[in-house]
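One structure is given here, and the rest of the page talks about it.
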Amino acid sequence: MSSSQAPPKPLPFHYQFLAGAIAGISEILTMYPLDVVKTRSQLSTGKSTGIVTTLKTIVQQEGAGALYRGILPPIMVEAPKRATKFAANEQYTAIYKKAFGYEKVTQSLAILTGVSAGVTEAVLIVPFELVKIRMQDKANVGKYNGTFDTIGKILKQEGPMALYNGLEATIWRHAAWNGGYFGVIFSVKDILPKPKDKNEQLMTNFVAGTIGGTVGTALNTPFDVVKTRIQGYTGVGPRKYNWTLPALATVAKEEGAVALWRGFVPKVLRLGPGGGILLVVFETVTGFIRKNILKEE
């Protein structure tokens with residue numbers, strides 16, 4: 001959509017929720033094994049192995065099912081998470097346009113609404129992220145027997161507040177990703193030629209979403225690394241990582257600045273194309289709803 005065009009009215013929330021859920025689950029089912037590889041890389045302080053080597057090692061040592069270990073928590077939160085990402089972005093857009101007197105969306109407004117949506121999304125997903133990280137960690141193989149066993153043991157051994165370990169880092173992570181994602185989508189769509197048909201629109205959405213996902217990933221990977229380290233702490237031994245900015249400094253000092261981008265390759269391979277998948281599916285579903293359910297022209 002060009003910035004010169006008036007955007008369509010936001011869909012009712014329940015339709016945004018449905019479209020966000022379908023988009024998010026489509027992305028996660030397609031790209032999840034790369035998330036497992038990313039988490040293993042971020043938890044490691046040693047020399048990183050390649051993606052293919054890591055995938056082969058996981059399958060050989062733990063079985064193919066390990067590539068989807070911890071997938072239930074993300075799927076459980078995927079509908080509200082993705083609905084929040086897109087619905088909150090649209091709602092914040094309307095709020096900020098009115099508050100600041102904008103007649104149309106600008107790139108700075110797209111970034112601001114993306115950051116705001118990211119903060120909202122982060123608060124929602126922290127417990128699910130923590131459970132996923134614990135289940136993906138190779139050190140915890142055999143310790144947790146499924147999602148609900150993991151939750152029960154965390155509550156019993158560490159207390160309810162442990163489920164919110166890493167909240168601050170998660171806010172940093174999602175604010176950075178969403179700000180980059182939605183800001184870049186706005187710019188790319190504005191630069192690309194106006195689509196002439198449905199196929200060109202799908203390609204525009206995929207390109208914009210992929211570039212947006214790639215930029216968002218580059219911006220938020222350092223926050224993701226420390227979030228993973230914080231949430232990986234199981235209460236045994238001294239806590240090395242707690243708050244985001246000191247944790248960033250600790251990782252950079254002990255392992256070098258490049259360590260702040262551990263897991264970047266599998267992460268960007270997931271969230272670059274994954275961002276494209278998200279946008280294409282979301283726009284396709286919302287388009288279907290507008291045309292076939294709401295009967296919009």
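What you are looking at is a predicted structure, and each value in this text was computed from that prediction instead of being measured. Keep in mind that the numbers below use all heavy atoms, side chains included, and drop hydrogens, waters and symmetry copies.
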| field | Side-chain ion pair, Asp35 and Lys38, N-O less than 4.0 Å | value | yes

| Is it true that a side-chain atom of Trp243 and a backbone atom of Glu168 form a donor plus acceptor pair closer than 3.5 Å? | no

| note | Rounding to 0.5 Å, atoms CG (Leu219) and CG (Asp224) come to a distance of 12.5 Å

| request: Treat each ILVMFWY residue as a node, draw an edge where side-chain heavy atoms are under 4.5 Å apart, and state whether Val207 and Val215 are in one component. | output: yes

| query | How far apart are the C-alpha atoms of Val115 and Asn178, what are their side-chain angles, what is the distance that settles it, and do they pass the side-chain contact (heavy atoms from CB on, under 4.5 Å) test? | reply | CA-CA 6 Å; Val115 169; Asn178 281 270; over 6 Å; no

| said: Please check: side-chain N/O of Glu200 versus main-chain N/O of Lys196, any donor-acceptor pairing under 3.5 Å? | reply: yes

| message | side-chain contact (heavy atoms from CB on, under 4.5 Å), that's the test. Do Thr217 and Trp177 meet it? Break it down for me. | response | CA-CA 6 Å; Thr217 301; Trp177 198 88; 3.3 Å; yes

| message | Distance check, rounded to the nearest 0.5 Å: Leu278 atom CG versus Ile22 atom CD1? | response | 12.5 Å

| Which pair of non-hydrogen atoms, one from Val36 and one from Leu67, has the smallest distance, and what is that distance? | CG2-O, 3.3 Å

| Any salt bridge between Glu129 and Lys227, counting N to O under 4.0 Å? | yes

| task | List the steps, then state whether side-chain contact (heavy atoms from CB on, under 4.5 Å) holds for Leu34 with Lys267. | result | CA-CA 7 Å; Leu34 289 171; Lys267 183 176 168 70; over 6 Å; no

| message | Regarding Lys98 and Glu103, does a basic nitrogen lie under 4.0 Å from an acidic carboxylate oxygen? | response | no

| task | Inspect the contact between Glu283 and Arg290 and indicate whether a charged nitrogen and a carboxylate oxygen are less than 4.0 angstrom apart. | result | no

| task | Decide, yes or no, whether a salt bridge links Arg173 with Glu121 under the criterion of side-chain N to carboxylate O below 4.0 Å. | result | no

| message | Ignoring hydrogens and geometry beyond distance, is a side-chain donor-acceptor pair present between Asn205 and Gln201 at under 3.5 Å? | response | yes

| message | Please determine whether side-chain contact (heavy atoms from CB on, under 4.5 Å) holds for the pair Arg134 and Ile154, giving the CA-CA distance in whole Å, both sets of side-chain angles, and the decisive distance to 0.1 Å. | response | CA-CA 10 Å; Arg134 296 291 183 87; Ile154 291 171; 3.7 Å; yes

| request: Heavy atoms only: give me the nearest Lys189-Ala208 pair and the separation to one decimal. | output: CG-CB, 4.0 Å

| Okay, side chain of Ser41, backbone of Gly263: is any donor-acceptor separation there less than 3.5 Å? | yes

| said: If you compare all heavy atoms of Ala169 against all heavy atoms of Val226, which two are closest, and at what distance to 0.1 Å? | reply: CB-CG2, 4.4 Å

| query | Any donor-acceptor pair under 3.5 Å linking the side chain of Tyr32 with the backbone of Gly70? | reply | yes

| task | Identify whether Leu29 and Val280 are in the same connected component of the hydrophobic contact network (ILVMFWY, side-chain heavy atoms under 4.5 Å). | result | yes

| query | When Thr228 is tested against each of Arg262, Gln42, Arg40 for side-chain hydrogen bond (donor to acceptor under 3.5 Å, both in side chains), which residue passes? | reply | Gln42

| Is the closest basic N to carboxylate O distance between Glu158 and Lys153 below 4.0 Å? | no

| message | Looking at every heavy atom in both Gly183 and Ala110, which two are closest together, and how far apart are they? | response | CA-CB, 4.2 Å

| request: For residues Ile75 and Ile28, determine if any side-chain heavy atom of one lies less than 4.5 Å from a side-chain heavy atom of the other. | output: yes

| field | Residue pair Leu279 / Gly209: nearest heavy atoms and the distance that separates them | value | CD2-N, 3.9 Å

| task | Take the angle between the ring planes of Tyr102 and Phe100 and call it parallel below 30°, perpendicular above 60°, tilted in between. | result | perpendicular

| said: Let me confirm one number: the OG1-CD1 distance from Thr150 to Ile133, rounded to the nearest 0.5 Å. | reply: 12.5 Å

| field | Main-chain N/O of Val251 paired with Arg229 side-chain donor or acceptor, under 3.5 Å | value | no

| query | If you group Ile, Leu, Val, Met, Phe, Trp and Tyr by side-chain heavy-atom gaps below 4.5 Å, do Met203 and Ile211 land in one group? | reply | yes

| task | Considering non-hydrogen atoms only, spot the tightest contact between Ala176 and Asn220 and give its length. | result | CB-CB, 3.8 Å

